[in-house]
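Chain letters run A, B, ... following the sequence lines, proteins first, then strands; residues in each count from 1.
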Number of protein chains: 2
Amino acid sequence: MIKRTTLADIAKAANVSMMTVSRAINNKPGLSDELRQHILSLVEEMGYRPNTFARGLATSQTTTIGLVVPDNTNPFFAQIARGVEDAAFENLYNIFLVNTNEDAVRETAALETLWQKGIDGVILCSSRLSGQALEYQVQRFPAIVLVNRELKQSHANLITINVNDHRSAQRVLQHFMGLDRRVIAYIGGPANSFSNQRRLDGYKNGLRSAEIPYNPQLVMSTQPTTEGGREAAAVLLRRRPDVNAIFAYNDLVAVGAMQMCQELGKRVPEDVAIIGVDDIPLATIIRPQLTTMHVPLTHIGRLAMRALIDLIAGEGSSAAYQIEPELFIRDSA
Amino acid sequence: MIKRTTLADIAKAANVSMMTVSRAINNKPGLSDELRQHILSLVEEMGYRPNTFARGLATSQTTTIGLVVPDNTNPFFAQIARGVEDAAFENLYNIFLVNTNEDAVRETAALETLWQKGIDGVILCSSRLSGQALEYQVQRFPAIVLVNRELKQSHANLITINVNDHRSAQRVLQHFMGLDRRVIAYIGGPANSFSNQRRLDGYKNGLRSAEIPYNPQLVMSTQPTTEGGREAAAVLLRRRPDVNAIFAYNDLVAVGAMQMCQELGKRVPEDVAIIGVDDIPLATIIRPQLTTMHVPLTHIGRLAMRALIDLIAGEGSSAAYQIEPELFIRDSA
DNA sequence: TTGTATGCGTTATCAT
DNA sequence: ATGATAACGCATACAA
């Protein structure tokens, strides 16, 4: 490996002080255009690139942020991460990616090591931390964006981005009503998931609007995976063979449920209509194509990154974005 | 935000020099156990955590590496990234994630900013760089692992990990032979993809072994996506309605091709047998489940990270790992 | 317009 | 066993 060229090397070669070189490369006033050009050409020639972290030590700005997700393999987070990364690239930021495995302990450890890096901010997705632990992390980092998670108290360095889960669920129920389905099940995600709670509320609310009594028999809780959807649907259909509509926690669960329905002899959507949430790529790959609440995932990622940058620059202020999903009607309902 | 506690703060509190504190937290000899315990308890109490990059400046080790992929949204790379991240977490490394969009220019820019961070090493997946540009990058970073890409010359700080594409293709053809299929198409990926080239070679070789003449009519080139698979299959089936087996570049393409076959009235696998490569989660979600060459993606990620760490530690040496995929026979062939 | 001194948080080296 | 000093690469504040 080749030794890195430093500011001092350039300064020596140009026969000026390091400061002059520093001013030249940072486009700051205080030297003749001629000298600036000369220095810049030397920089080019000698392949000098400022060391981000040395600069960070001096300025306490690293142009680096942390992105914490439960699992980058999950299309939901993969899409968000892509949006974050795109916006970061455009703004010359770099991102540390960390998976938490939906584990609060690992999440804490991840935030710990990120903090040690002295990064400028964090985008934290679907945090499994307790409210108290989260408060601690928020006051700890210079700036933080919470995706899919709310916090009671507002902080000057905090922005939250949440999908309107409640309204989502209501919209789904409304669509089922239009289809004249009245035995509607909800296959929810993990019980400790906040968005699951909100969707469940929306589901109950939707039932109430339609004057359908709430029946716990029709509500399941499962892992947010295809397999989870399969298992839950199997149990559900045995328990209530008369189900004619399923609202699934997300598309993965919806696909699993759909397949289990079919394997159990139910036609989708004729016998059982199914609607998911997220609109991941799989939704249009699977047959029948999935009717789902479209969530602009990449957009959320970009929004999160831009909001974080504003926060870091001191231009942003505490805010709570609400994302409104839209029903994409395809073939499963 | 709270002011960070520094080494100096601890030193002052303990009434010792910074070096003594440094030795204490780094488990180095040179102080009494008693004093060490005292310092460590102060560290705990005051919530001190060493700043990784200040340490990096002094030691030129950042315990940080870069992971460069074309698109973290693609399940193939998502799985690999997960493996990398897991192994990194276990070894207290952090990773910078960068997407290149399969664009050599953006890839170069990404490596540039990564280099500015002074990171310890890079894992570069499916590089689209020219051989020459790649050589430059290799001699530039302290350590580098190439996934899905080879390099003529070997370097002391370089390890490559490649899937045995050639053998993969041969195994697929062999399976088709066993099924008595002899009109075998190859729907390949982008022409500039190296693994595509190797799989095509394997395909040709497999045909030769079976004494089937190679026919360019049966070879397509497309984007490595479901849509790409659909389009290619549509063209292919119009051109050669007698095709009874398709070897697809990857699972995404295979799924697209499978659906197009079905839409065009062909049964899978009865009329057309289809085999993909990678074994991404979608392969078992789709119906019929996809027969595919299973590639241990997460394992490759872990392997890459561990190899990189060894390289960084100076314990690893130039190596070229060859991963042997295995045929997972399911329902599509 | 240009340079000097100093500090960011940590470790290596050399003393004591 | 412990500490003083310099150094990592850069930027800020202040002088000249």
Side-chain angles (χ1 to χ4, degrees), chain A residues 1-40 42-43 46-64 113-120 142, chain B residues 1-40 42-43 46-64 92 113 115-120 142:
Chain A
M1 192 187 48
I2 288 172
K3 190 192 168 308
R4 294 181 78 103
T5 306
T6 69
L7 252 197
D9 296 332
I10 303 287
K12 196 176 299 170
N15 231 334
V16 296
S17 76
M18 284 169 54
M19 268 321 296
T20 302
V21 179
S22 175
R23 283 192 261 264
I25 62 170
N26 289 316
N27 260 320
K28 298 209 169 168
L31 69 170
S32 66
D33 275 5
E34 190 182 12
L35 180 53
R36 185 188 302 274
Q37 284 313 317
H38 175 58
I39 290 176
L40 256 29
L42 271 178
V43 163
M46 301 173 65
Y48 167 72
R49 295 293 179 279
N51 177 318
T52 316
F53 289 111
R55 178 179 282 173
L57 251 198
T59 62
S60 52
Q61 288 259 333
T62 55
T63 59
T64 296
T113 59
L114 281 179
W115 190 73
Q116 290 196 28
K117 306 267 176 183
I119 57 178
D120 296 346
Chain B
M1 191 188 47
I2 287 172
K3 190 193 169 305
R4 296 182 77 103
T5 305
T6 68
L7 252 197
D9 297 331
I10 303 287
K12 196 176 299 172
N15 232 332
V16 297
S17 75
M18 285 166 50
M19 267 321 293
T20 302
V21 179
S22 175
R23 283 193 259 262
I25 62 170
N26 289 314
N27 260 320
K28 296 204 172 170
L31 70 169
S32 67
D33 275 5
E34 191 181 10
L35 180 53
R36 186 189 301 273
Q37 284 312 318
H38 175 58
I39 291 176
L40 256 28
L42 272 178
V43 163
M46 301 174 65
Y48 166 72
R49 296 291 178 279
N51 178 317
T52 315
F53 289 112
R55 179 179 281 173
L57 251 199
T59 62
S60 53
Q61 289 258 331
T62 56
T63 59
T64 296
L92 302 179
T113 61
W115 191 74
Q116 290 196 30
K117 305 268 176 183
I119 58 179
D120 296 346

Would you kindly give the CG-to-C1' distance between A:Leu57 and D:dC10, to the nearest whole Å? 9 Å

From A:Arg4 atom CZ to B:Trp115 atom CH2, the distance as rounded to the nearest 0.5 Å: 4.0 Å

Do the side-chain N or O atoms of B:Asn26 get closer than 4.0 angstrom to the phosphate oxygens (OP1, OP2) of C:dT11? yes

So does B:Arg55 get a backbone contact from the side chain of B:Thr59, meaning a donor-acceptor N/O pair under 3.5 Å? yes

Atom-pair distance (CE on B:Met18; P on D:dA7), nearest Å: 16 Å

Starting at CG of B:Asn27 and ending at P of C:dT11, how long is that distance when rounded to a whole Å? 12 Å

Just N and O in the side chain of B:Lys28: are any of them under 4.0 Å from OP1 or OP2 of C:dT11? no

Rounding to a whole Å, what distance do you find between B:Asp33:CG and D:dA1:C1'? 12 Å

Under 4.0 Å, counting only non-hydrogen atoms across every strand here, what does B:Leu31 touch: a base, just sugar-phosphate, or nothing? sugar-phosphate

So, is B:Thr20 near the phosphate of D:dG3, with a side-chain N or O under 4.0 Å from OP1 or OP2? yes

Out of D:dG3, D:dA11, C:dG3, whichever nucleotide has its closest atom nearest the side chain of A:Arg23: C:dG3

Distance check needed: D:dA11 C1' versus A:Tyr48 OH, whole Å only. 11 Å

So which one's nearest nucleotide on DNA chain D is more toward 5', B:Asn15 or B:Ala58? B:Asn15

Over how many whole Å does the gap from A:Glu34 atom CD to C:dT1 atom C1' extend? 13 Å

Side chain of B:Thr64, backbone of B:Thr62: donor and acceptor closer than 3.5 Å? yes

Here the gap from A:Phe53 atom CZ to A:Ile119 atom CD1, rounded to the nearest 0.5 Å, amounts to 9.5 Å

Value in whole Å for how far the C1' atom of D:dC8 lies from CG of A:Asn51: 9 Å

Could you tell me whether the side chain of A:Arg49 has a donor or acceptor atom within less than 3.5 Å of a complementary atom in the base of D:dG9? no

Protein-nucleotide distance (B:Arg4, atom CZ; C:dG9, atom C1'), rounded to Å: 9 Å

Before you tell me yes or no, could you show the steps for A:Thr6 and A:Asn51 under side chain to side chain contact (heavy atoms under 4.5 Å, CB included), namely the whole-Å CA-CA distance, both residues' side-chain angles and the distance that decides it to 0.1 Å? CA-CA 8 Å; A:Thr6 69; A:Asn51 177 318; over 6 Å; no

So, does B:Ser22 get its side chain near the phosphate of C:dT11, meaning an N or O under 4.0 Å from OP1 or OP2? yes

Counting heavy atoms from C-beta on, name the nucleotide in C:dT10, C:dA5, D:dG3 closest to the side chain of A:Met19. C:dA5

Check this one for me: any side-chain N or O of B:Arg55 less than 4.0 Å away from OP1 or OP2 of C:dT11? yes

